[in-house]
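Step one of this worksheet: look at the structure below.
Predicted model, so just to flag it, every value in this text is computed and none were measured.
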Amino acid sequence: QKASKHVDKYALYVPKSGVFPKGFKVATQATGVKKNGNLDLGIIRNVNTSRPSSAAAVFTTNKFKAAPVLVSKEVLEVTGGENVDAIVVNSGCANAVTGEVGLKDAREIAGVANQKLGKQNATLVMSTGVIGQRLSMDKIVPALSQQFETNAFKDDFESWLNLARAISTTDTFPKLISSSFKLTNGTEYTLTGIAKGAGMICPNMA
Amino acid sequence: TLLGFIVTDLPITPSALQKMLRSATDRSFNCISVDGDMSTNDTISMLANGAVDTAVIDESSQDFVQVQTQVTEFAQQLAQLVVRDGEGSTKFVTVNVKNALNFKDAKIIAESISNSMLVKTALYGQDANWGRILCAIGYAKLDNLQSLDDKKINVSFVATDNSEPKELKLIVDGVPQLDIDETRASELLAQQDLEVLVDLGTGSEECQFWTCDLTHEYVTINGDYRS
């Protein structure tokens, strides 16, 4: 992106450190879905067991919702947002406009993560990339399983930044922010946010 | 496609979390545009795992509004990073529509300006083309025209670098300023961060929308995305 190179956006907007919420770990891998060999699979996992987790989401209002959108909506409807402990994101292929096979693939990815977590309906899935192509399940599923089996999950800064990289497509820099705040009773808590997107951007989510 | 997630170690009930995220999204991710296209995959999710030892937050909790505000500001930061990375973009543009009759109208007008290809190319070319901004306001898909009064509308560029004069008025009470200071306009439009201020003068509601310029590179990047 020649125009973007006029300004060093990476230097301006990518943090060099961060504070991250307790009880979350992340893992990433380059599965080969992205042709350039970059990271293209990211997983965030809740490892806190002191209380059940809560989940919420907003989704595109596009009539042609991609398979992972439909599957994640189902998960939230079934669970009421309780006990959702993982989000699996792949980049390079959007699994959109893929019909029944796309739904089956998205459910299979969620199912693999659920099996590893030992829970039903505990995983949200997201995909981004090219529309109208089927996911390379032969690459994604083994990689996903491997992350759990080798306990590749970490909670250091570089791992979180890699998660932001893994979900990127045409982005010129990973988007990661984190901050600590205090409740009125003085209790400190943390927010961490990751996003991706550079084009096809005019969301209206509900 | 926009994807994102926000995670926290607070304990928050699912319904309170959904309310927070919905409110935050309406004031952040739903107020950005790079190219006017809505993806089939846009998703923002939020997880709260309760690892922090404190009382569970629900809609009636004392801390609910404070946390909701912090989540909203957080979401705005993330959303703005997406716009700053707009494909091929060189400028980050805040479109601020104020004094509308209602929030919905302010948002529709801000979005109309933010999605105008001609406004975005003019900003890339550093052309103070107020006519295109006014045009985009005029065709905004409002339910009715009660927020628009052609004798009350003001349009300005606002400096983002604290230089003076801070505001360069392009249209005052519906009258185009034909002798605008082109030198000052060039100074403002040369900046990486721009602000377009539209004062409708018909109410008290406002909306901020964030967009970017449209460059040759956008076409280069998207001409062969599948390959």
Cut-off 4.5 Å, heavy atoms of chain B, and the answer for A/Pro68 is side chain
Answer key: most heavy-atom pairs under 4.5 Å with chain B among A/Leu12, A/Val69, A/Thr128, A/Leu183 is A/Leu183
Would you mind checking which part of A/Val89 comes under 4.5 Å of any heavy atom in chain B, side chain (CB onward), backbone (N, CA, C, O), both or neither?
side chain
Name the option with the most non-hydrogen atom pairs under 4.5 Å to chain B; the candidates are A/Val97, A/Thr49, A/Ile194, A/Asn46.
A/Ile194
Using 4.0 Å as the upper bound for N to carboxylate O, is an ion pair formed by B/Lys19 and B/Asp58?
no
Mark yes when over 12 heavy atoms from residues, nucleotides or ligands other than A/Lys182 sit less than 6.0 Å from its NZ; otherwise mark no.
no
Take atom CG of B/Asp127 as the centre, draw a 6.0 Å sphere, and report whether it contains more than 12 heavy atoms from other residues, nucleotides or ligands.
yes
Should we count CD of A/Glu188 as having more than 12 external heavy atoms under 6.0 Å?
yes
Positions in residues 151-159 of chain A that reach chain B, provided some heavy atom is under 4.5 Å away
none
Heavy-atom proximity to chain B below 4.5 Å, by part of A/Leu191:
both
Select one option (side chain, backbone, both, neither) describing which atoms of A/Thr79 are under 4.5 Å from chain B's heavy atoms.
neither
Chain B contact via A/Ile44 - side chain, backbone, both or neither, heavy atoms under 4.5 Å:
side chain
Interchain contact, B/Asn41 with chain A, by part (heavy-atom threshold 4.5 Å):
both
Bottom line for B/Val67: the part with an atom under 4.5 Å from chain A's heavy atoms is both
Under 4.5 Å from any heavy atom of chain B, what part of A/Thr192 do you find: side chain, backbone, both or neither?
both
Most contact-rich option vs chain A, by heavy-atom pairs under 4.5 angstrom, among B/Val52, B/Thr13, B/Asp35, is B/Asp35
Contact origin within A/Lys73 toward chain B - heavy atom pairs under 4.5 Å
neither
Return yes when atom CZ of A/Phe64 has more than 12 non-hydrogen atoms of other residues, nucleotides or ligands closer than 6.0 Å, and no otherwise.
no
Can the positive tip of A/Lys22 be found less than 6.0 Å from the middle of the six-membered ring of A/Phe24, inside 45° of the ring normal?
no
Which atoms form the tightest heavy-atom contact between B/Thr8 and B/Met46, and what is the distance?
CG2-CE, 4.2 Å
Contact summary for A/Thr98 and A/Ala67, nearest pair of heavy atoms
OG1-CB, 4.4 Å
Could you go through B/Asn115 and A/Cys202, starting from their C-alpha distance and side-chain angles, then the distance that decides it, and tell me whether this counts as side chain to side chain contact (heavy atoms under 4.5 Å, CB included)?
CA-CA 9 Å; B/Asn115 280 336; A/Cys202 190; 3.6 Å; yes
Tell me, yes or no, whether the heavy-atom count around A/Lys104 atom NZ, taken from other residues, nucleotides or ligands under 6.0 Å, exceeds 12.
no
Heavy-atom proximity to chain B below 4.5 Å, by part of A/Thr190
both
Please classify the contact of B/Leu2 with chain A as side chain, backbone, both or neither, using a heavy-atom distance under 4.5 Å.
both
Atom group of A/Ser179 that falls short of 4.5 Å from chain B, counting heavy atoms
both
At what distance, to the nearest 0.5 angstrom, does CG of B/Leu3 lie from CD1 of B/Ile44?
7.5 Å
State whether the number of non-hydrogen atoms from other residues, nucleotides or ligands found under 6.0 Å of B/Glu59 atom CD is greater than 12.
yes
